[in-house]
Amino acid sequence: MLTATITVDPAFVVGPVRRRTFGSFVEHLGRCVYTGIHDPEHESADEDGFRGDVIDLTHELGVSTVRYPGGNFVSGYRWEDGIGPVENRPRRLDLAWHATEPNLVGVDEFMRWCRKTGVEPMMAVNLGTRGVQEAIDLLEYCNVPGGTYWSDLRRSHGAEEPYGIRMWCLGNEMDGPWQTGHKTAYEYGRLAAEAGRAMRQVDPSIELVACGSSGRGMPTFGDWERTVLTEAYDQVEYISAHAYYWPRDGDLASFLAAGVEMDVFVEDVVATADAVRAAGNHSKRIAISFDEWNVWYMGTGTGNDDAPQEKAKVTDPWPVAPRQLEDVYTVADAVVVGGLLISLLRHTDRVHAASQAQLVNVIAPMMTEPGGASWKQTIFHPFALTSQHAAGQVLRAAVDAPTVATPRFGDVPVVDATVTHDPATGDVVLFVVNRSLEEAVSIDVPVRAFGDVDVVEALTYANDDYLWQATETDSTSVLPEPNATAAVTDARLGIEVPAVSWSMVRLGRA
Ligand code: AHR
């Protein structure tokens, strides 16, 4: 068995655990909205047609924010199509996903769903086919109390009180050639700056996210962020980052180390944002909204590994809510998701928000059948447990471990970890992944600095067959299980973690 040591101290704080790290994403794509969150025929559907089982699972997942309505979809979306009496709403072509959008769910329905799930909305405006005027119209509809055309229209639709939406995304992936209304960095930076300036005139309390790169592999990566922030620095609080991971060419060793790639991505965006800060003599710092991340088994072969190529699979003429991007996840995928959450937490000083893409059916932690069952995918578990138990402050965790060889990243430490500490309760939580395909690791964590603490709970998610997948008929055979090796002895936590595993150890005052 390999051995590793993780050194932490309550004095070495990276930053607070931010609830917005545990965001998700609902796009009008495939069956995320229709037959995902919204399925009026379903036995659990409420008066608005929302599935009760999905609302319950959203609570259990511990989702804090939900980005909406896209994604690529938003770049061709007319938000006004989705308000007013449903029977009067137009059906439209959705160019992004080659589907028909029936507009049964729009901003008012989404806001009702947010209330029911207790999530904070994160609204995206269309800066692909539209511009400043439509962005401020939507903001007026949502956030102005009344007495104007759009705000009174909202009230006439039954929403007397303004929605008070704080976070707004200035478009989506505008660097991507696949994006409807794709722009150069300069064109987008100017538009984002002017849309942001006008939106802030409507509501100065909003927080704005400029589009960063659709992936670190984009040919414009780096220069895109530099140019966009040079134009829009004063108008935005965040720059976005998007990244999807999968075992490229079947390379599981590198896939399990995906957190390394996320670390580098975050650190490169931070460096670029800070360079613009220095060059422009700005005082504030730009944070990252990592508002699309997940495992996604994208196809390969177009020469651009960051393009959403799955859309090419839809050949039917403009279907409504087709089955798209319905990835079925393995235990190994869940270990990677747990590792990506470790990376996001480790960067809590600069990553102030994140959204796992997406919530249901579309590359998602939960699945539904139309009018039928719902179930958890493997990736549900590390997300739910991290969201539930990460609390207080994120601490610097120094990992001293043997390395594993990976074709893409070279030698990387076999374990990766982060630790949170809540000074109010004394609770300490270790989140750790073992990235080895073969070997278990015995981990030693000196904990004397936290006082007299003991193990409250230790869970490990792993399986001898790490390619096991949860399905409608069996989603519960492999669950996070108590790890009986975890113990505190002589002020040292010891735990053994199997190959390809994610674990969480909670310590509390003894
Ligand atoms: O999440 C799926 C798609 O991935 C989103 O619509 C887009 O923004 C990204 O390319």
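Just follow the structure's listing: the first ligand is 1, and inside any ligand the first atom is 1. Values below: all heavy atoms of this structure, side chains included; hydrogens, waters and symmetry mates excluded. Just so it is clear, the model here is predicted, and its values are computed rather than measured.
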- CZ (R197) with more than 12 external heavy atoms under 6.0 Å: yes
- Walk me through it: do D291 and Y238 pass the test side-chain contact (heavy atoms from CB on, under 4.5 Å)? CA-CA 10 Å; D291 47 40; Y238 300 86; over 6 Å; no
- Query: Polar-atom distance check: H242 versus ligand 1, any N or O pair below 3.5 Å?
  - Reply: no
- Knowing that exactly one of S240, P121, S289, S355 qualifies, which makes a side chain to side chain contact (heavy atoms under 4.5 Å, CB included) with R67? S355
- Against heavy atoms of W296, which atoms of ligand 1 measure under 4.0 Å? 2 (C), 4 (O)
- Does Y244 reach ligand 1, in the sense of a heavy atom lying below 4.0 Å from it? yes
- Within a distance under 4.0 Å of any heavy atom of F25, pick out the atoms of ligand 1 and give their elements. 1 (O)
- Per-atom filter on ligand 1: closer than 4.0 angstrom to a heavy atom of E173 are 7 (C), 8 (O), 9 (C), 10 (O)
- Query: Are R226 and W224 in a cation-pi contact, defined as NZ or CZ under 6.0 Å from the six-membered ring centre and within 45° of the axis?
  - Reply: no
- Query: Less than 3.5 Å between some nitrogen or oxygen of W97 and one of ligand 1, yes or no?
  - Reply: no
- Message: So if I count the atoms of ligand 1 from 1 in the order they appear, which ones are less than 4.0 Å from some heavy atom of E27?
- Response: 5 (C), 6 (O)
- Message: Taking 4.0 Å as the limit for heavy-atom contacts, which would you say applies to N172 with ligand 1: side chain only, backbone only, both, or neither?
- Response: side chain
- Query: side-chain hydrogen bond (donor to acceptor under 3.5 Å, both in side chains) between D263 and S343: does it pass, once the steps are laid out?
  - Reply: CA-CA 6 Å; D263 288 346; S343 172; 2.6 Å; yes
- Task: Apply ring-ring contact (aromatic ring centres under 6.0 Å, His included) to Y68 and list each qualifying residue two or more places apart in sequence or on a separate chain.
- Result: H28, F110
